[in-house]
*Asks:* 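The structure is given below, and queries will be raised subsequently.
Convention: sequence-line order gives letters A, B, ...; per-chain numbering from 1.
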Protein chains: 2
Amino acid sequence: MLWGLRPLEPKAAHGLAVDLLQRQIHSGLLLPDERLPAERQLSDQFGISRVTLREALRVLETNRYISVRRGAQGGAFVSDADRLGQMARRRIARAPAASMRVVEYLVVNQSAAARFAALRRGPADLKKMREALALMRDAPDAARRKQAETLFLLAVADSAQNPLLSRGVEDAIAELFLPFETAPEDGSVTAALAAYQALLAALEAESPGDADRAMEMVNARFWGAIRQITRSAA
Amino acid sequence: MLWGLRPLEPKAAHGLAVDLLQRQIHSGLLLPDERLPAERQLSDQFGISRVTLREALRVLETNRYISVRRGAQGGAFVSDADRLGQMARRRIARAPAASMRVVEYLVVNQSAAARFAALRRGPADLKKMREALALMRDAPDAARRKQAETLFLLAVADSAQNPLLSRGVEDAIAELFLPFETAPEDGSVTAALAAYQALLAALEAESPGDADRAMEMVNARFWGAIRQITRSAA
DNA sequence: TGCCTTTGGTCTAGTTTCCGATCCATGAAG
DNA sequence: CTTCATGGATCGGAAACTAGACCAAAGGCA
């Protein structure tokens, strides 16, 4: 017997490009106001035609993720930090339960990744984490901090050497779309740095237990961010 | 900066159909020797044309997942239990490390699902689990037992009320493709029944701790199956 | 000022994939 | 030996995608 038959939903090529770029904006890898590569170059990297890529850019522009300008110094530019932050908050406030489920999934897989990473991380993995931590420390603004945070967490997930876990963490981070900073005034920045530093130390020491506990602090920050947004929206 | 740019890989409609049917065979939901619906009916359910569906069937036939016969009582038939079992064992023996990573991911998410399910399961969820357990008990052969097992685990995952967790468990089970039974002679059947019964009891009692422990027994069986196959292949 | 270069905007022709429909071939049941 | 549900094959058209050429804007620079 066949179970749970739904109509198939083939994803068009331009839809894949939209998803990929949107995910990078959500996760913070693409910075606000950043300029994307030229259409001809980007379509080449994606392996799709320029016409198809332009369809994708049109969708992103319609959804206010980017704005496109013509001319010699033109191109497609990621929206500014204010707009992105507003979109992120709205998205969470509109369906808080959904965001909490995403965090739930993220916490489960990120914790597991941390435990495995403590046993499997290589020198290259640790190097990537240290670099991300340095970026976080020297970041001039919240957007750069979020970018470094994502880079760090993806490096941890990768070093668990489990493709499914990596994909899960990546998916959850991209799906979440947290705003850049929930409370710029308080000591959350130094607290975050301390948590990531503890995590890195645990992975360097090959201690799964410590890594798990350090990741708990990181994950607690995600819960806090969601809670704060849903409260301020009420 | 854009990170990790790879060429996009648009999935053709027939490819989606292949994946869907293959996953159902892997997870045991589609039984050996079972006959699929007629092409006209199946293409309608998938929302694709008959020509496109036939492309998918051709791929599955080439990969020995099904065989197609013409005539009044013809149709597409899932391969027999021997062939499927052999394919499953080969798949695991060829890349044991990959299968272990899948089990790893399955264990992480299935354990989490069990804990959440203990708190969130509704009467409909429990009913589905009881029905699956009855199917398992009365199953005339190993294929039916595996089918009931999958139904039970999917019901548990669903009752955790977390779409990402559900999808994760589903993906892992479909990716695993375990053979029907690793040791038909010993008491593994009654042991499995006991494990699932304990899991059901924990969920009925709304006890996350007990559910976690019961799921551990279930997951231990998955590890055992992988271990046995990789040992016998060596 | 006026050209040059880089970039997005537009158009056309051709290919691939998919669809809808029709008709043919097979083979078991009655 | 007829019936008929099923797979097998073919055709015309629609939609998505590609490749390439050319136009239009706008900043930089002599």
*Asks:* Once you round it to whole Å, what is the distance between C1' of D/dG7 and CZ of B/R70?
*Replies:* 6 Å
*Asks:* Just the rounded figure in Å: distance from P of C/dT10 to CG of A/L57.
*Replies:* 13 Å
*Asks:* Take the protein atom CD of A/E39 and the nucleotide atom P of D/dC23, then report the distance between them rounded to whole Å.
*Replies:* 18 Å
*Asks:* Reckon B/T52 has a side-chain N or O less than 4.0 Å from the OP1 or OP2 of C/dT17?
*Replies:* no
*Asks:* By the 4.0 Å heavy-atom rule, please label B/I48 as base, sugar-phosphate, or nothing.
*Replies:* sugar-phosphate
*Asks:* Using a 4.0 Å heavy-atom cut-off, does A/E61 contact any base of the nucleic acid, only the sugar-phosphate backbone, or nothing at all?
*Replies:* nothing
*Asks:* Which comes earlier along DNA chain D counting from the 5' end, the contact point of A/L53 or that of B/R54, where each point is its nearest nucleotide?
*Replies:* B/R54
*Asks:* Can you tell me the distance, in whole Å, between the CZ atom of B/R58 and the P atom of D/dA9?
*Replies:* 6 Å
*Asks:* Counting any heavy atom closer than 4.0 Å, what does A/G15 reach on the DNA or RNA strands: base, sugar-phosphate only, or nothing?
*Replies:* nothing
*Asks:* Say you draw a straight line from CD of B/Q45 to CG of A/L8; how long is it, rounded to the nearest 0.5 Å?
*Replies:* 10.5 Å
*Asks:* Indicate whether OP1 or OP2 belonging to C/dC18 is found under 4.0 Å from a side-chain N or O atom of B/H14.
*Replies:* yes
*Asks:* For A/R69, answer base if it contacts any base atom (sugar-phosphate contacts may also be present), sugar-phosphate if it contacts only those atoms, and nothing otherwise; contact means non-hydrogen atoms under 4.0 Å.
*Replies:* sugar-phosphate
*Asks:* Rounded to the nearest Å, what distance is computed from the NZ atom of residue B/K11 to the P atom of nucleotide C/dT17?
*Replies:* 15 Å
*Asks:* In whole Å, what is the span from the CZ atom of A/R50 to the C1' atom of C/dT6?
*Replies:* 11 Å
*Asks:* Quick one: do A/K128 and A/E131 make a salt bridge, cutoff under 4.0 Å?
*Replies:* no
*Asks:* What contact category does A/V51 fall into here, base, sugar-phosphate, or nothing, at under 4.0 angstrom with non-hydrogen atoms?
*Replies:* base
*Asks:* Could you state the CD-C1' distance from A/E55 to D/dT18, rounded to the nearest angstrom?
*Replies:* 12 Å
*Asks:* Picking from A/R221, A/R144, A/R145, what satisfies salt bridge (Lys or Arg N to Asp or Glu O under 4.0 Å) with A/E181?
*Replies:* A/R145
*Asks:* Closer than 4.0 angstrom, basic N to acidic O: yes or no for B/D171 and B/R23?
*Replies:* yes
*Asks:* Would you mind checking if B/E104 and B/R101 are paired as a salt bridge, meaning a charged N to carboxylate O distance below 4.0 Å?
*Replies:* yes
*Asks:* Counting side-chain heavy atoms from C-beta on, which of D/dA5, D/dA9, D/dC17 comes nearest to B/A72?
*Replies:* D/dA5
*Asks:* Taking the side chain of A/A12 as heavy atoms from C-beta outward, which of D/dC17, D/dT6, C/dG9 is closest to it?
*Replies:* D/dC17
*Asks:* If I take atom CG in residue B/L42 and atom P in nucleotide D/dA5, what distance separates them, rounded to the nearest angstrom?
*Replies:* 18 Å
